[in-house]
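Here's the structure we're looking at; comments come further down.
The basis for the numbers below is simple: all heavy atoms, side chains too, and nothing from hydrogens, waters or symmetry mates. Everything numeric here is computed off the predicted structure, so don't read it as measured data. So you know, we letter chains A, B, ... as the sequences are listed, proteins then strands, and number each from 1.
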Protein chains: 2
Amino acid sequence: MDIFVRYLEKVRTFAPEKVEMFSKACEYGIRASIYIAEKSLLDKRVSLKEVAQAINSPEAYTSKILQQLSRSAIINSDKGPTGGFSMDKYMLNNVKLSMIVSAIDGDEIYKGCALGLEKCNEKMPCPLHDQFKSIREDLKRMLETTTVKSLSLNLEKGLTFLKR
Amino acid sequence: MDIFVRYLEKVRTFAPEKVEMFSKACEYGIRASIYIAEKSLLDKRVSLKEVAQAINSPEAYTSKILQQLSRSAIINSDKGPTGGFSMDKYMLNNVKLSMIVSAIDGDEIYKGCALGLEKCNEKMPCPLHDQFKSIREDLKRMLETTTVKSLSLNLEKGLTFLKR
DNA sequence: AAAATAATGGATATTTTTGTCCGCTATTTG
DNA sequence: CAAATAGCGGACAAAAATATCCATTATTTT
């Protein structure tokens, strides 16, 4: 058994430790947005510290991501005492997940080739082009139709969770 | 215009440059497997150099990935002159994409939580749990049902491409 | 048996992503 | 207008992914 474990450890020395759908930055960005939206529904601003605690993320790194979302006009940020992050009524009703993802990760996940080929298209498809077509389209449609508001409402109702 | 370009450059200094579905290692691994399978259908072994050229990947890095696939018993490797990589008849008929992906990237893409939460499940779902359910299932099903052989046949027919 | 060939394994280097630190700026409150 | 608060921006640090180098091992050919 011990030998087996060591073997497996050795086997994975060069390969990625974890591969997920979005980057960590994007995961934090989505979680933070949902939390900020939830509080904005109650007309509350939230500080960086509060956000980081609520979504269990590193504070300084989260700060960078919120800056990015703020520059992308998805959230508002205000300095000084009583300052913090918020989402205005218009954004609350209109921000889709796709906007957050493209502000942080870009559009590669559902636009790029699954095998990383630069020139992969209908005329010159990679071997997985057809197989991925519907999956990418579904992902795209889902991100473009899901509003942050709807997600924050479920969160507020205690139906979903942002931590751990 | 110049100012605009500089602004955009600055804005993305902290975020990922590119986020794709699979790791680079896995992309190379899938492409290499399809190429090796194509040649194995003609009872030909291929060298590392030939593989790297065919799929346009860094040779030394590709070597590591082929080692991993070899250790995972997905491909065979033989040393010495006339040596190289190949896939035996049994593997040719049975290897699914899912086997290559889990040998390199693991199962996180379709098993893990889209928002990176460790304990995300039906009882305690993240805000995107339901939205991602069918997408992850579709991805899983596709990877588990697509054979490398079928992909290599399309490649041989000139219907698909592995480069650029 | 020697030479040539091709993969292997370990060490190391580079690049990207993730994460931290800290002085600065803007805003509010007293 | 001074003090306190909270985000901003730039530099820096750590960790992970990607990539390279080279000596060694196994195999085949001569």
Would one find more than 12 heavy atoms of other residues, nucleotides or ligands at under 6.0 Å from atom NZ of B:Lys24?
yes
In whole angstroms, the gap separating P of C:dC21 from NZ of A:Lys49 amounts to 13 Å
Roughly how many Å is it from NZ in A:Lys24 to C1' in D:dA17, rounded to a whole number?
16 Å
Atom-to-atom span, NZ of B:Lys79 to P of C:dA7 - whole angstrom:
11 Å
Side-chain donor or acceptor of A:Lys64 under 3.5 Å from a matching atom on the base of D:dG7?
no
Look at B:Ser77 and C:dT8 and indicate whether a side-chain polar atom (N or O) is within less than 4.0 Å of OP1 or OP2.
yes
By nearest-heavy-atom nucleotide on DNA chain D, the more 5' of A:Gln67 and A:Pro81 is A:Pro81
Compare the minimum distances between each of C:dG19, D:dT18, C:dA7 and the side chain of A:Tyr28, then state the nucleotide with the smallest one.
C:dG19
Is the closest basic N to carboxylate O distance between A:Lys133 and A:Asp130 below 4.0 Å?
no
Rounded to whole Å, how long is the line connecting atom CG of B:Asp78 with atom P of D:dA26?
14 Å
Name of the residue among B:Ile36, B:Leu66, B:Val95 meeting side chain to side chain contact (heavy atoms under 4.5 Å, CB included) with B:Ile74:
B:Val95
Distance check needed: D:dA19 P versus B:Leu66 CG, whole Å only.
14 Å
Protein-nucleotide distance (A:Arg45, atom CZ; D:dG7, atom P), rounded to Å
10 Å
Side-chain donor/acceptor of B:Lys96 to backbone N/O of B:Asn94, under 3.5 Å:
yes
Of B:Gly84 and A:Cys26, the one whose closest DNA chain C nucleotide lies more 5':
B:Gly84
Rounding to an integer number of Å, can you tell me how far B:Asn76 CG sits from C:dA6 C1'?
15 Å
When the distance from CD1 of B:Ile55 to C1' of D:dT18 is rounded to whole Å, what number comes out?
14 Å
Can you check whether B:Ile109's main-chain N or O pairs, donor with acceptor, with B:Arg136's side chain at less than 3.5 Å?
no
Which part of the nucleic acid does A:Ser63 contact within heavy-atom distance under 4.0 Å: base, sugar-phosphate only, or nothing?
nothing
